[in-house]
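Below is one structure, written out as structure tokens; the observations come after it.
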Amino acid sequence: MTDVSRIVVVDELVAERLCKNRKCDGDQRDRNREFQNELGAHSFVIVRRGARANKLSILHVSNAKSNGVFTGLIEEVGRVLWIRMTDRGTQLRLMAPKLAPAVAVGDSVAVNGCCLTVSGHRGEQLTFDVLEETLDRTNLKQLRRDSPVNLERALAAGAPLGGHFVQGHIDCSAKVISFDRTGEDYRLEVDLPTDFAHYAAYKGSVAINGISLTIAELLEKSFAAWIIPHTKRHTNIDNIGAGDLVNVEFDILAKYVERVLARYAPHD
């Protein structure tokens with residue numbers, strides 16, 4: 001985990017550059033990506049300051065594992081073409097008609113909440129190399145042809161933040177206990193593994209298959225979140241049921257607090 005003391009704030013220069021970038025439209029995303037590369041950013045989060053729209057702070061995280069951060073707002077539900085062993089290791093290929101034209105080789109994409117790097121791009125198809133550690137920790141190992149997967153591009157500097165900061169580093173995969181309709185909405189209850197239970201907080205944020213959700217109920221061995229019809233229709237939550245595995249990433253803020261407290265905890 002990155003030491004919180006290594007986070008630095010890049011402020012006035014960033015605000016000035018982003019303000020200039022806003023005057024461009026068609027190639028905005030490319031300009032923002034170039035700016036990230038200038039900063040040497042591997043992972044960043046954006047914090048609005050004050051009433052001025054161009055007043056931003058970027059928190060640059062040194063030595064992070066990915067080169068992007070996400071918000072938990074799904075952009076497209078892609079379809080698996082295949083996942084298989086190749087001479088390069090395990091590879092995953094998806095159909096993503098909406099996202100594919102907007103990304104390039106080397107870009108980060110969250111697949112079911114897991115940050116992967118585009119290693120191949122052809123038309124509407126995207127290919128990713130998948131580490132064994134990723135397969136062991138996530139539900140990607142259960143994907144089959146035509147499996148639906150939630151997709152989100154990495155957040156661009158200056159882009160709106162509608163969910164919460166999602167790293168794309170899955171903590172665990174957990175079983176769905178129940179997914180039931182109540183009135184117009186749906187209650188999703190998920191197993192809470194003991195090793196990660198201390199990260200869960202009532203009304204806190206959690207990413208399930210990459211979807212930014214709020215913990216509405218914190219139970220002894222599980223937690224529950226409420227799903228609105230729009231989220232159900234536009235994500236692969238629409239296809240899950242009791243017993244299925246979902247990818248879970250708990251809020252990064254809880255992990256930083258744990259890290260800081262551990263540093264000052266008394267040692268026997």
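All values below come from the heavy atoms of this structure, side chains included, with hydrogens, waters and symmetry mates left out. Keep in mind it's a predicted model, so treat the numbers as computed, not measured.
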Under 3.5 Å side-chain donor-acceptor pair for His198 and Glu258: yes

Spatial distance of atom CG (Asn139) from atom SG (Cys114) [nearest 0.5 Å]: 9.0 Å

Side chain to side chain contact (heavy atoms under 4.5 Å, CB included) between Phe196 and Val248, intermediate numbers included: CA-CA 10 Å; Phe196 299 97; Val248 182; over 6 Å; no

Heavy-atom donor-acceptor pair, Arg79 side chain to Asp146 backbone, under 3.5 Å: yes

Donor-acceptor contact present, side-chain Arg181 to main-chain Tyr186, <3.5 Å: no

Considering only distance and modelled atom types, tabulate donor-acceptor pairs under 3.5 Å from the side chains of residues 232-242, sequence neighbours left out.
unit_1, atom_1, unit_2, atom_2, d
Lys232, NZ, Asp238, OD1, 2.4
His234, ND1, His230, O, 2.9
His234, ND1, His230, ND1, 3.4
Thr235, OG1, Thr231, O, 2.7
Thr235, OG1, Ile237, N, 3.2
Asn236, OD1, Asn150, ND2, 2.8
Asn236, OD1, Asn209, ND2, 3.4
Asn236, ND2, Asn112, OD1, 2.9
Asn236, ND2, Pro148, O, 3.1

Thr138 side chain to Leu140 backbone, donor-acceptor under 3.5 Å: yes

Short side-chain donor-acceptor distance under 3.5 Å, Thr182 and Arg187: no

Test log, rule side chain to side chain contact (heavy atoms under 4.5 Å, CB included), inputs Asn247 and Ile208: CA-CA 6 Å; Asn247 291 334; Ile208 303 294; over 6 Å; no

Backbone of Lys98 reached by a side-chain donor or acceptor of Glu76 within 3.5 Å: yes

Ser222 and Glu189 side chains, donor-acceptor separation under 3.5 Å: yes

Polar side-chain atom of His121 near backbone of Thr127 as donor-acceptor pair, under 3.5 Å: no

Under 3.5 Å donor-acceptor, Lys141 side chain and Leu135 backbone: yes

Mutual orientation of the aromatic rings belonging to Phe250 and Tyr199 [parallel < 30°, tilted 30-60°, perpendicular > 60°]: tilted

Main-chain N/O of Arg88 paired to Thr86 side chain as donor or acceptor, under 3.5 Å: yes

Check: Glu152 side chain, Thr71 main-chain N or O, donor-acceptor pair, under 3.5 Å: yes

Under 3.5 Å donor-acceptor, Glu249 side chain and Asp171 backbone: no

From Gln142 atom CD to Asp244 atom CG, the distance as rounded to the nearest 0.5 Å: 7.5 Å

Evaluation steps, side chain to side chain contact (heavy atoms under 4.5 Å, CB included), between Trp226 and Leu213: CA-CA 8 Å; Trp226 285 89; Leu213 298 173; over 6 Å; no

